[in-house]
Amino acid sequence: MKTLSIALGLALTLGGSAFAQTDPAAAPRPARMIDRLINSPFVQNWNTWGLTPTPSPHAVEGVTGGQALTIDVPRAGDPWSVGAVMTNSGAIKTGDIVLLGVWMRAARLPEGQTQTRLPLILLEGQGEPKIGLAQASNMVVGDQWTMLYASGVATADLAPGQSSIIVQMGQARHTLELGPALVFNFGPDYDRSRLPQNPTD
């Protein structure tokens, strides 16, 4: 579990080299995390709603890709009143096991709190009826960069551009830093118990 979590964080910056097979005589080469990445995860691909002005990417340290969006929620409201969406540029087949990882940290916590919570992250098919692919809710966010996870099993075939990553952030008065979102496709036969989980508190 710990190794996979580290791999998720380093997959882009290392280009998968840390997971490459070093013995040229051995075959076949095991799949690297970078090989399982199916989307273009960078911050400039987020579209936000409920914010004025619209945030722009800025440089940060400690997160894959080195950029983030500042999501300043001025007042507590409905969870969906402030959020962000990113189109998934990868294809997904029925039965595929997918893992979503979203980089997040709190730059300003709700008054009197030592942490905040994120209501929802999900990966779903576009159009109607909605096809849920991966979802997680009520996740703890502190002042250090962390990757929040959601996983699931696809129940339909979805072509590139036919699914979206959605993050809801409007339930509390807080300022969040939103980093890249990574979608990994493990195919139909991966053991989901090996995937990372979010902390429970």
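Index from 1, following the sequence.
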Could you grab the distance from atom [atom1] of [X] to atom [atom2] of [Y], nearest 0.5 Å is fine?
X    : Y    : atom1 : atom2 : result
L123 : M86  : CG    : CE    : 11.5 Å
L100 : L182 : CG    : CG    : 8.5 Å
Q162 : I131 : CD    : CD1   : 8.5 Å
M33  : F186 : CE    : CZ    : 4.0 Å
M104 : L118 : CE    : CG    : 4.5 Å

What's the shortest heavy-atom distance between [X] and [Y], and which atoms?
X    : Y    : answer
L178 : V43  : O-CG2, 4.1 Å
P41  : A181 : CB-O, 2.8 Å
I38  : A91  : CD1-O, 3.8 Å
L195 : S151 : CD1-CB, 3.7 Å
G161 : T87  : CA-CG2, 3.7 Å
S163 : L158 : CB-CD1, 4.1 Å

Is there side-chain contact between V183 and L99, with heavy atoms separated by less than 4.5 Å?
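Answer no - side chains too far apart.
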The criterion is side-chain contact (heavy atoms from CB on, under 4.5 Å); which residues satisfy it with [X], sequence neighbours excluded?
X    : value
Q168 : P79, W80, P119, L120
V60  : H58, V63, A68, W145, E177
D157 : K93, T94
V85  : N47, W49, S164, I166

Distance-only donor-acceptor pairs under 3.5 Å for side chains of residues 134-144, two or more places apart:
none

Qualifying residue for side chain to side chain contact (heavy atoms under 4.5 Å, CB included) with L51, from L69, T70, V82:
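Going through the options one by one, the only one that passes is V82.
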Suppose we screen for side-chain hydrogen bond (donor to acceptor under 3.5 Å, both in side chains). Which residues come up paired with [X], at least two apart in sequence or across chains?
X    : answer
D191 : S193
R108 : D72, T175
D96  : N185
T48  : none

Would you list the pairs meeting salt bridge (charged side-chain N to carboxylate O under 4.0 Å, His left out) in which at least one residue belongs to residues 46-69, sequence neighbours left out?
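Of all non-adjacent pairs touching residues 46-69, none passes salt bridge (charged side-chain N to carboxylate O under 4.0 Å, His left out).
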Pair listing, salt bridge (charged side-chain N to carboxylate O under 4.0 Å, His left out) test, anchored in residues 127-136, at least two apart:
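Non-adjacent pairs meeting salt bridge (charged side-chain N to carboxylate O under 4.0 Å, His left out): E124-K130.
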I'd like to know if the side chain of [X] and the backbone of [Y] have a donor-acceptor N/O pair within less than 3.5 Å.
X    : Y    : answer
Q113 : P110 : no
S89  : S40  : yes
W46  : G179 : yes
H174 : Q115 : no
R75  : A172 : no

Give a yes or no on whether [X] and [Y] share a hydrophobic cluster (residues Ile, Leu, Val, Met, Phe, Trp, Tyr; joining criterion: side-chain heavy atoms under 4.5 Å apart).
X    : Y    : result
I121 : F184 : no
Y190 : I92  : no
W103 : V167 : no

Among side-chain atoms of T146 and R105, is any donor-acceptor pair under 3.5 angstrom?
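The answer is no; no qualifying pair exists.
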